[in-house]
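See below for the structure under consideration.
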Amino acid sequence: MLRTHNCGELREQDTGSSVTLAGWVASIRDHGRFVFINLRDRYGITQVRADEGTDAWQQARQLRMESVIQVHGTVLSRGKDSNPDMATGAIEVQARAIRVFSQTKTPPFVIKDTTDASEALRLKYRYLDLRRPVMRKKIEARVRFTSYIRRYFEDLDFLEIETPILLKSTPEGARDFLVPSRLRPGQFYALPQSPQTYKQILMVAGFDRYFQIARCFRDEDLRADRQPEFTQLDAEMSFVEPRDIMGIIERLFKGMWRDLLGVDLAGDFPVLTYDEAMHRFGKDAPDMRYGMELQDITDTVKPSAFGLFRNTIEAGNRVIAMNVAKGAGFSRKQVDTLVEFARSRGLGGLLWMKVGADGVTGPGTKHIEDPVKQAIIRSMQAEQGDLILAAAAPEMTALRAMGALREEVASRMGLDKAGEWRFVWITEFPMFEYNEEEDRPQAVHHPFTSVMPEDLHMLHSDPYKVRARAYDIVLNGVELGGGSIRNHDPDVQMQVFEVLGMNREQALQKFGFLVDALSFGAPPHGGVALGLDRIVMMALGAGSIRDVIAFPKTTAGLDLMSGSPSNVADRQLRELHLQVTKG
RNA sequence: GGGGUGGUAGUUAAGAUUGGUUAUAACGCCGGCCUGUCAAGCCGGAGGGCGCGGGUUCAAGUCCCGUCCACCCCGCCA
C-alpha cells in the first residue's frame, strides 16, 4: 500500500505514530516558516504541517492545489490549536517527506462544497465535481440505498435476475431508444423502458420472486427529475394481491428511512383512490404535507345570477375552489401572478376573493349576491384574512389546474417543508385514458395491468370507467413508482389489447411472446417499479436528479464530459445499413 | 414542439433600460512577506474584448436578426 492510513481516521490516540498518507491537496496555507496542507481523500481531510528547513518544506512550498501527493510523517497532537470542525482536527501530520504522485493543471473551479461553478462546468469536469465532499456524500448515500434494497429483497427470497438490454421495440408507452442490428439490415433492437415483459415471463417460468436494480431508457424530453437513462428498483411476485406488494414496499421505505435517514415513519401509509386524490388535491400524486384541499362549490353557487357561474353550470362545467388560509396578505401583484399561473394551466381565468371583516372583495365579487358570498365562505370554512381561489372549467381541467395552483401557493407560503415525509398510496387508477393524437384509449399504467374484477364487464362498453388493479407510491407530491397486478389470463389480456385498438394479429405480432407465455400456465402475479434516482433525490433533499447520478445528461440529453451523442464514422453507418438524412 | 431565465477574465457576477475614453469586482492563478493557519492574512502582478454568425451605426456587452449551449416549466414521460 502507498499509505498506512486514510485521511479521515487519525485521532488524538495516534499521536506519535509514524504514518504515510496519500491524497489530493485541498488547500495550502504558506506561513513562511511552516506550511499547512489539507490533504483530502474519500474518507476525510487531514492537516499536514511542513517545517522550515526540511525537505518536506521545500516540496510543500511548490505544491499546487489538487496535486496528488504522498506524505510520510509523524502524528502530532494539536492541543489547544485543535480544529473542532474537522473529524481529524485534534491532530496533524508533521511531514518528513512529500512525494508528488501526480501534477495538476489549475482546476477550472475550486474543489470545495460551496462551489459557485455553474452546473454546466461541473458536468464537463464531473471528475472534479465528484471530488467535492458534498457530491461524494450523495453518491455514497445512493450506494447505501441500493445495497439496503438488495439486502432487503434477498432476505425475502427475491432473486436478482438480469434481463436483456437489447430487446424488442414495443409500440406502447414512451419513445424507444433504438439500436440498429448489423446482422439484420433494417431491423432494430430497443433499449428497455423497463424490464416489464421479462419479469412477467420470469413469473411464468416459476421464479416466483424477482427483483432487479435495472437501468431503463426512455427517449423523451428531460426535466429536473427525469433523465433519459435512469434506474428502477423492479420487482415482481407470484400468487399475490395488491396489499402484499404494497406491504413489502411500505416496509422497505420505512426500513430505509429508519436505518439510512434516522426517521421513523409512524403508522401505515394512507391510501387514496385515484378519484379521491383528483377531487381533493387535483393531482394523482398529491403532496400531503399540507391541507388546502379543493372543493367543488358548483352547487353552492347555483342560485347566483352571476354570468360566470350561470355559464359554467349551463355548460356542464364545475366550479372548483380552494381556501388559502391567511392568503389575503398576498398583494395584488402576487395574486396577478397566480392568475397568470392558472391561465398557463389551461384556465380562462381565476376568480379570487379576499375574505375581510365585511364579506369578500376582489374583481367580479360585486356581481355575486351577498347570500351566495356567505354560502361560499361557509362551505369553504373561510375566515377573515383568507383568500379563496376558484376556477370554472370542465371538471378535470379545473381540478388539475387548481391542483397545480395548490402546490404553487403552498410553495410560496413555505408549506412544503423539507424534512417532512408524507407517503401516500394511490389506488384504483382508471385503466384507460383517451389518447387525442391517435383517437383511441391507451393504458394509463401499461397494457399488462389487470382490471378490477367488478369492472370487467365494462371493458368494451365503457372502457374509461374501468379501474385497474394498480397502485402508485407518492412522497410529498412526487410519484416514486407504481405497479399492478397483471393479467395472467391470456384471454383477458387479449381483450385489453383489443380495447387499445389492436386486433388479435397485431397484438400477437407485438406481444405474442408474452401472450404465448401466459397460455402455458401463468401464475397470478404482480409487481412494482420504483424510480431509484428519485427516491434518493427526495431522501437527500437534492434539487435535481442529476445530483444523485454520477454521470448525468443535461436537459438536452448531452453528456458534456464525454461529448455524447456524437457523429460516427461513415464506415460504422454502412455496417449498420444506415443512412443519415438532413433534418 | 412551445414558453421563461441566463451566457462578459480560469470561475462567479456587475456593466445592457439611456450605444461613446483604457470593460469593473471577488475568488482562483503568478511573485513577495509572514511561527499556528483552518476557504489563513498582507503587498504586488498577470489575465478578457463580452457564447457564435450576420446586420444597423461615425461608434455595439449594450440595438436588430439568426444560431448554439445551460437551467426551469408546459406538451411528452404506458
Side-chain angles (χ1 to χ4, degrees), chain A residues 26-38 45-52 57 61-62 64-66 76 78-86 88-89 92 94 104-125 128 170-176 193-194 196-197 216-228 230 340-341 343-346 400-401 404 407-408 429-433 435-437 441-449 468 470 472 479 482-484 496 500 511 529 531 534 543-544 546 553-558 560:
Chain A
S27 81
I28 307 161
R29 297 181 296 280
D30 185 348
H31 286 249
R33 302 281 168 81
F34 46 76
V35 180
F36 294 114
I37 298 156
N38 278 358
I45 290 177
T46 297
Q47 175 164 292
V48 173
R49 190 182 97 198
D51 295 323
E52 185 173 26
W57 181 78
R61 306 196 83 186
Q62 282 162 41
R64 294 167 57 82
M65 301 269 271
E66 297 306 322
L76 302 183
R78 286 172 67 175
K80 62 179 179 300
D81 289 319
S82 290
N83 182 348
D85 297 330
M86 287 171 72
T88 61
E92 63 192 347
Q94 185 180 36
T104 174
K105 295 198 280 187
T106 300
F109 55 91
V110 184
I111 311 301
K112 58 180 184 183
D113 277 355
T114 53
T115 182
D116 50 9
S118 71
E119 197 177 349
L121 194 73
R122 290 169 44 208
L123 288 174
K124 179 170 180 192
Y125 298 96
L128 298 180
T170 56
E172 296 282 315
R175 195 176 292 115
D176 280 329
Q193 295 177 28
S194 84
Q196 184 60 40
T197 50
C216 303
F217 307 85
R218 292 177 190 176
D219 189 7
E220 298 292 346
D221 287 354
L222 286 72
R223 281 286 194 292
D225 60 355
R226 256 162 45 190
Q227 284 274 304
F230 61 100
E340 218 23 69
F341 182 91
R343 287 213 172 93
S344 77
R345 293 299 189 280
R400 285 181 201 283
E407 292 197 345
E408 173 68 18
F429 279 82
M431 179 68 206
F432 305 102
E433 64 192 345
N435 181 322
E436 217 166 305
E437 252 173 65
Q442 73 176 27
V444 169
H445 191 54
H446 58 58
F448 316 110
T449 302
D472 273 8
E479 181 202 324
S484 64
V496 172
L500 293 172
F511 298 110
R534 270 192 200 174
S544 112
R546 296 182 296 275
K553 311 255 186 307
T554 68
T555 50
L558 308 184
L560 296 181

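Since the model is a prediction, treat every value here as computed from it, not as a measurement.
Shown here are the side chain to side chain contact (heavy atoms under 4.5 Å, CB included) partners of Arg400(A), two or more places apart in sequence or in another chain: Tyr274(A), Met278(A), Met396(A). With sequence neighbours excluded, no residue forms a salt bridge (Lys or Arg N to Asp or Glu O under 4.0 Å) with Glu433(A). In this view, Asp113(A) and Arg132(A), Pro133(A), Val134(A) satisfy the side chain to side chain contact (heavy atoms under 4.5 Å, CB included) rule, not counting sequence neighbours. The salt bridge (Lys or Arg N to Asp or Glu O under 4.0 Å) search around Glu479(A) returns none, not counting sequence neighbours.
Counting non-hydrogen atoms under 4.0 angstrom, Arg546(A) reaches the backbone sugars and phosphates but no base.
On a pure distance criterion of 3.5 Å, a polar donor-acceptor pair joins the side chain of Arg226(A) and the base of C77(B).
Per the geometry, CD belonging to Glu408(A) stands 12 Å off C1' belonging to C72(B), to the nearest Å. A straight line from CG of Leu128(A) to P of G10(B) spans 17 Å, rounded to a whole angstrom. Rounding to whole angstrom units, CZ of residue Phe109(A) and P of A9(B) are separated by 17 Å. Atom P of nucleotide C74(B) and atom CD of Glu340(A) are separated by 16 Å, given to the nearest angstrom. Put simply, CD1 on Ile111(A) is 13 Å from P on G28(B), counting in whole angstrom units. For the pair Arg175(A) CZ and C76(B) P, the interatomic distance rounds to 12 Å; values are reported in whole Å. The nearest whole Å value for the distance from the CG atom in Leu558(A) to the C1' atom in A70(B) is 10 Å. Between Asp221(A) atom CG and A70(B) atom P there is a gap of 13 Å when expressed in whole angstrom units.
In this structure, Ser344(A) does not reach the C74(B) phosphate: none of its side-chain N or O atoms is under 4.0 Å from OP1 or OP2. Within the structure, a side-chain polar atom (N or O) of Arg223(A) is placed less than 4.0 Å from OP1 or OP2 of C74(B). Contact annotation: Arg122(A) does not reach the phosphate of C71(B) (side-chain N/O to OP1 or OP2, under 4.0 Å).
Remark: A59(B) base-pairs with no nucleotide; criterion is Watson-Crick or G-U wobble with both hydrogen-bond distances under 3.5 Å. Partner assigned to A9(B) is none, using Watson-Crick or G-U wobble distances below 3.5 angstrom. A40(B): no Watson-Crick or G-U partner with both key distances under 3.5 Å is found in any strand.
In terms of position on RNA chain B, the residue among Asp225(A) and Gly557(A) whose nearest nucleotide sits closer to the 5' end is Gly557(A).
In terms of heavy atoms, Pro441(A) sits closest to Leu500(A) at O-CD2, 3.6 Å. Residues Val496(A) and Pro447(A) share a closest heavy-atom pair of CG1-O, 3.5 Å.
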Between protein and nucleotides 12-15 of chain B, what N or O pairs are separated by less than 3.5 Å?
{"residue": "U12(B)", "atom": "OP1", "partner": "Ser118(A)", "partner atom": "N", "Å": "3.0"}
{"residue": "U12(B)", "atom": "OP1", "partner": "Ser118(A)", "partner atom": "OG", "Å": "2.9"}

Check: In B/S/- notation, 5' to 3', how is nucleotides 30-40 of chain B contacted by protein heavy atoms closer than 4.0 Å?
Finding: S---BBBBBBB

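Relative to the six-membered ring of Tyr125(A), Arg122(A) misses at least one condition, a distance below 6.0 Å or an angle of at most 45° to the axis.
Rounded to a whole angstrom, the distance from the C1' atom of U57(B) to that of C63(B) is 10 Å.
When the nucleotides C73(B), C72(B), C76(B) are ranked by their closest atom to the side chain of Arg345(A), C73(B) comes out on top.
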